[in-house]
Colleague: 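Dropping a structure here in structure tokens format, bear with me for questions.
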Amino acid sequence: MAEKITPRSEDYSRWYTDVILQAELADYAPVKGCMVIRPYGYALWENIQQALDRRFKATGHVNAYFPLLIPESYLRKEAEHVEGFSPELAVVTHGGGKELEEPLVVRPTSETIINAMYAKWVRSWRDLPILINQWANVVRWEMRTRLFLRTTEFLWQEGHTAHATAEEAMEETLRMLNVYKEFAETEMAMPVIAGQKSMTEKFAGALASYSIEAMMGDKRALQAGTSHYFGQQFAKAFGIQFLNKNNELEYVYQTSWGVSTRLIGALVMVHGDDQGLILPPRLAPIQVVIVPIWRDEEQKRLVLEAAGQVQARLSATTRVRLDDRDEYSPGWKFNDWEMKGVPLRIEIGPKDIENAQVVLARRDIPGREGKTTCPMDALESRVAELLTTIQSDLYARALRFREENTFYPRNYAELAEAVENGFAFAAWCGSAECEAKVKEDTKATTRCIPFEQPAEVGPCVVCGQPAEKQVLFARAY
RNA sequence: CGGGGCGUGGCGCAGACCGGUAGCGCGCAGCGUUUGGGACGCUGAAGUCGGAGGUUCAAGUCCUCUCGCCCCGACCA
């Protein structure tokens, strides 16, 4: 606990790791690339889950659970899919002390097993749509791992839907992308760019992929959520057919969409500072921490009594914690809770009791500047108001940061410079060659073709050919 | 898989070049004094030096092999 965090300016990725370890979000597990999500990190994940699950239910989805182990042959049924995932599969070859007749893969994603089941369940247009989500773990044998951002095993949700028409499936794809965008902005206080993935960046097996892209504190892009339109690709591979209203046999149209524990990494990098985490109030496991201050036993008794009352009054509406540990000094606690990113701190000592007030300290505004006093009788309203303000200020700050580091290069030299310093929106002809050249020269990739497009797009910044769309180029995680 | 770094009490490290009975800081336990921005004193517990083999009277230290982790790149949510 309570060790020094490497400053971001000195080594950003070191800072990132320090924050996660010291704030006790996660720890390294004995197996390479695997991590333990510790209680504080898991509480954060639970809040993310709840906020998303609410939205999934509100858009008509239900939860289910499909198995971890998938027959290897299933992965091979869709050509592009197997090609995309083969290199990173974990395969079970033995069970019960014997070699298995057919190896089982540990799911890297569940399209295949779920679609195999859908083939069994779908007969008629009346069986559609199927709107199922599952919360699960998946395994991808990545070469390079990083806490939360890319671990061998990770937690996520994956929605898998089947529809009677292409229009309906496409609508669903975009609806869920929009759910992610709204979630990221409202709950995570993280502005995102929504758009379509290029053909080279899209999901293995999808006809079209869409993503939300966020800018991290080091100006790199992080894909924070994806939604895929499959058309009938998987339906044909798995034989998911139904009789439509005209008594004609037809393949279903499908989607899948997911977000993962990577979002926790995003929260760390979007809002955190050199003191540690800064959590948006809506997702923070502890929204308000009360730090009591006393000198002697008599004061301790009085202060703890008052602090207990403050806690009781707030606990109806707020996730509040009273830190009454005797073994740490107030100063130590200030630093500790700041590292853990608690949005609002209440200090209460003898002076405050005398004045019938408490001191409120905002995590997002360090030092004296973020401190105000609050009369005891205005406690509930002021705390609620401040938490709302912090939430929106965090969003505004992240948005400003992104905008300050966003560029609109007109030629290749400008593009190369722009992606060194942040996001670059630039005209692109749509060819994979131009994409590859940029990646080769600058390490930046196309993140997405934003839905929001300017009225006029100039020629492709790479080849100079006519371009129809502006694309977001950035270095990505 | 390529490049770099590192495995020594719980954590961070020193000791290695030059072999000779394992040390420092933090943390931990007990007691006392402290507490409005990371308190202090005293006492104490805790280490198969990643693993195997070798050289030697003697190995944390030298040699060989091996395992693992972290960071940087290619792959990726």
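Worth knowing before you read on, the calculation uses all heavy atoms, side chains too, and leaves out hydrogens, waters and symmetry mates. Bear in mind that the values here come from a model prediction, so they are computed numbers and not experimental data. The sequence lines fix the lettering, A, B, ..., with proteins before strands; numbering per chain opens at 1.
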Colleague: Measure from the side-chain heavy atoms of A:Trp294 and tell me the nearest of B:G36, B:U35, B:G37.
Modeller: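 Out of B:G36, B:U35, B:G37, the nucleotide with an atom closest to A:Trp294's side chain is B:U35.
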Colleague: So which one's nearest nucleotide on RNA chain B is more toward 5', A:Lys202 or A:Leu147?
Modeller: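 This one resolves to A:Leu147.
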Colleague: To the nearest angstrom, how far is A:Asp326 atom CG from B:U35 atom P?
Modeller: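 For the pair A:Asp326 CG and B:U35 P, the rounded distance is 12 Å.
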Colleague: So, A:Arg301 and A:Glu297, do they make that salt bridge, N to O below 4.0 Å?
Modeller: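 Looking at A:Arg301 and A:Glu297, the cut-off is not met.
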Colleague: Mind checking A:Lys351 for me? I need base, sugar-phosphate or nothing, with any heavy atom below 4.0 Å counting as a touch.
Modeller: base
Colleague: Please work out if A:Asp11 contacts a base, only the sugar-phosphate, or nothing of the nucleic acid, heavy-atom cut-off 4.0 Å.
Modeller: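 Nothing, no nucleic acid heavy atom in range.
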Colleague: Heavy atoms only, 4.0 Å cut-off, all strands: where does A:Leu149 land among base, sugar-phosphate and nothing?
Modeller: base
Colleague: Using the C1' atom as the point on both nucleotides, what is the distance between B:G44 and B:G53, in whole Å?
Modeller: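 Each nucleotide's C1' atom is 39 Å from the other's.
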Colleague: Please determine if a side-chain N or O atom of A:Ser13 lies less than 4.0 Å away from the OP1 or OP2 oxygen of B:C71.
Modeller: no
Colleague: Give me the distance, rounded to whole Å, that separates B:C18 from B:G9 when you measure between the C1' atoms they each carry.
Modeller: 27 Å
Colleague: Among the candidates B:A77, B:C28, B:A39, find the nucleotide nearest to the side-chain atoms of A:Gln223.
Modeller: B:A77
Colleague: Taking atom P of B:U34 as reference, at what distance in whole Å does atom CD of A:Glu297 sit?
Modeller: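 It is 11 Å, rounded to the nearest whole Å.
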Colleague: Rounding to the closest angstrom, what is the interatomic distance between B:G10 and B:C1 at atom C1'?
Modeller: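 Straight-line distance between the two C1' atoms is 35 Å.
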Colleague: Can you identify which nucleotide, out of B:A77, B:G37, B:G36, has its nearest atom closest to the A:Phe154 side chain?
Modeller: B:A77
Colleague: Name the residue closer to the 5' end of RNA chain B, choosing between A:Ala476 and A:Val359 according to the nucleotide with the nearest heavy atom.
Modeller: A:Val359
Colleague: Under a 4.0 Å N-O cut-off, is there an ion pair linking A:Asp53 with A:Lys57?
Modeller: yes
Colleague: For B:G27 and B:C11, measure between their C1' atoms and round to the nearest Å.
Modeller: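 After rounding to an integer number of Å, I get 7 Å for this pair.
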Colleague: Check the distance between B:C71's C1' and A:Tyr16's OH and give it to me in whole angstrom.
Modeller: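 A:Tyr16 atom OH is separated from B:C71 atom C1' by 15 Å.
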Colleague: Could you tell me whether the side chain of A:Arg368 has a donor or acceptor atom within less than 3.5 Å of a complementary atom in the base of B:G37?
Modeller: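 No pair found.
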Colleague: Are any of the side-chain nitrogens in A:Arg345 or A:Glu338 under 4.0 Å away from the carboxylate oxygens of its partner?
Modeller: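 Counted as a salt bridge, because a side-chain N and a carboxylate O are separated by less than 4.0 Å.
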Colleague: Check whether any side-chain nitrogen or oxygen of A:Lys439 sits under 4.0 Å from OP1 or OP2 of B:C75, and answer yes or no.
Modeller: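 For B:C75, OP1 or OP2 has a side-chain N or O of A:Lys439 closer than 4.0 Å.
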Colleague: Hey, are A:Lys181 and A:Glu185 close enough for a salt bridge, meaning a charged N less than 4.0 Å from a carboxylate O?
Modeller: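 Counted as a salt bridge, because a side-chain N and a carboxylate O are separated by less than 4.0 Å.
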Colleague: State plainly whether the residues A:Asp336 and A:Arg325 are in salt-bridge range, i.e. N to O under 4.0 Å.
Modeller: yes
Colleague: Indicate whether any N or O donor in one side chain lies under 3.5 Å from an N or O acceptor in the other, for A:Asp218 and A:Tyr16.
Modeller: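 Checked: A:Asp218/A:Tyr16 side chains show no N/O donor-acceptor pair below 3.5 Å.
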Colleague: Show me the dot-bracket string of RNA chain B, counting Watson-Crick or G-U pairs under 3.5 Å, with | for pairs to another strand and [ ] for crossing ones.
Modeller: ((((((((.[[[[.)....(..]]]].((((((.....)))))).....[[[[[..)....]]]]])))))))....
Colleague: Counting only side-chain N and O atoms of A:Tyr28, is one of them less than 4.0 Å from OP1 or OP2 of B:C71?
Modeller: yes
Colleague: Rounding to a whole Å, what distance do you find between A:Gln299:CD and B:U35:C1'?
Modeller: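 Rounded to whole Å, this separation is 10 Å.
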Colleague: State which of B:U35, B:G38, B:C71 makes the closest approach to the side chain of A:Thr17.
Modeller: B:C71
Colleague: Going by modelled atom types, is there a donor-acceptor pair between the base of B:G37 and the side chain of A:Lys371 at under 3.5 Å?
Modeller: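 Indeed, a donor on one side and an acceptor on the other fall under 3.5 Å apart.
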Colleague: Between B:G37 atom P and A:Ile365 atom CD1, what is the distance in whole Å?
Modeller: 19 Å
Colleague: Taking the six-membered ring for Trp and the single ring otherwise, decide whether the centroids of A:Trp257 and A:Phe56 are under 6.0 Å apart.
Modeller: yes
Colleague: For the side chain of A:Pro330, counting heavy atoms from C-beta on, which of B:G37, B:U35, B:A39 is nearest?
Modeller: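 Selected nucleotide (nearest to the side chain): B:U35.
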Colleague: Give one of base, sugar-phosphate or nothing for A:Thr226, where a contact means two heavy atoms less than 4.0 Å apart.
Modeller: nothing
Colleague: Taking CG from A:Asp27 and C1' from B:C11, how many angstroms apart are they, rounded to a whole number?
Modeller: 11 Å
Colleague: Rounding to an integer number of angstrom, what distance separates B:C42 and B:C26 when you compare their P atoms?
Modeller: 12 Å
Colleague: If you look at every strand shown and take non-hydrogen atoms under 4.0 Å, does A:Thr151 touch a base, only sugar-phosphate, or nothing?
Modeller: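 Base: the residue A:Thr151, judged by heavy atoms under 4.0 Å, touches a nucleobase.
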Colleague: Would a line drawn from the ring center of A:Tyr118 to the ring center of A:His160 be shorter than 6.0 Å?
Modeller: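 They do not qualify: ring centres at least 6.0 Å apart.
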Colleague: Rounded to whole angstrom, note down the P distance from B:C71 over to B:A52.
Modeller: 28 Å
Colleague: Do A:Arg220 and A:Tyr477 form a cation-pi contact, if we require the NZ or CZ to be under 6.0 Å from the six-membered ring centre and within 45 degrees of the ring's axis?
Modeller: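 Yes, a cation-pi geometry holds between A:Arg220 and A:Tyr477.
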Colleague: Please give the distance between the C1' atoms of B:C70 and B:G12 as a whole number of Å.
Modeller: 15 Å
Colleague: What is the distance from CD1 of A:Ile293 to P of B:U35, rounded to the nearest Å?
Modeller: 12 Å
Colleague: Expressed in whole Å, how much space separates the P atoms belonging to B:G37 and B:G73?
Modeller: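 Here B:G37 and B:G73 have their P atoms 41 Å from each other.
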Colleague: Dump the intermediate steps for side chain to side chain donor-acceptor pair (under 3.5 Å) on A:Lys340 and A:Gln22, then the final yes or no.
Modeller: CA-CA 8 Å; A:Lys340 290 203 163 75; A:Gln22 287 179 39; over 6 Å; no
Colleague: Let me know the distance between CD of A:Glu347 and P of B:G37, rounded to the nearest Å.
Modeller: 8 Å
Colleague: Report yes if a donor N or O on one partner sits less than 3.5 Å from an acceptor N or O on the other, where the partners are the side chain of A:Asp352 and the base of B:G36; otherwise report no.
Modeller: yes
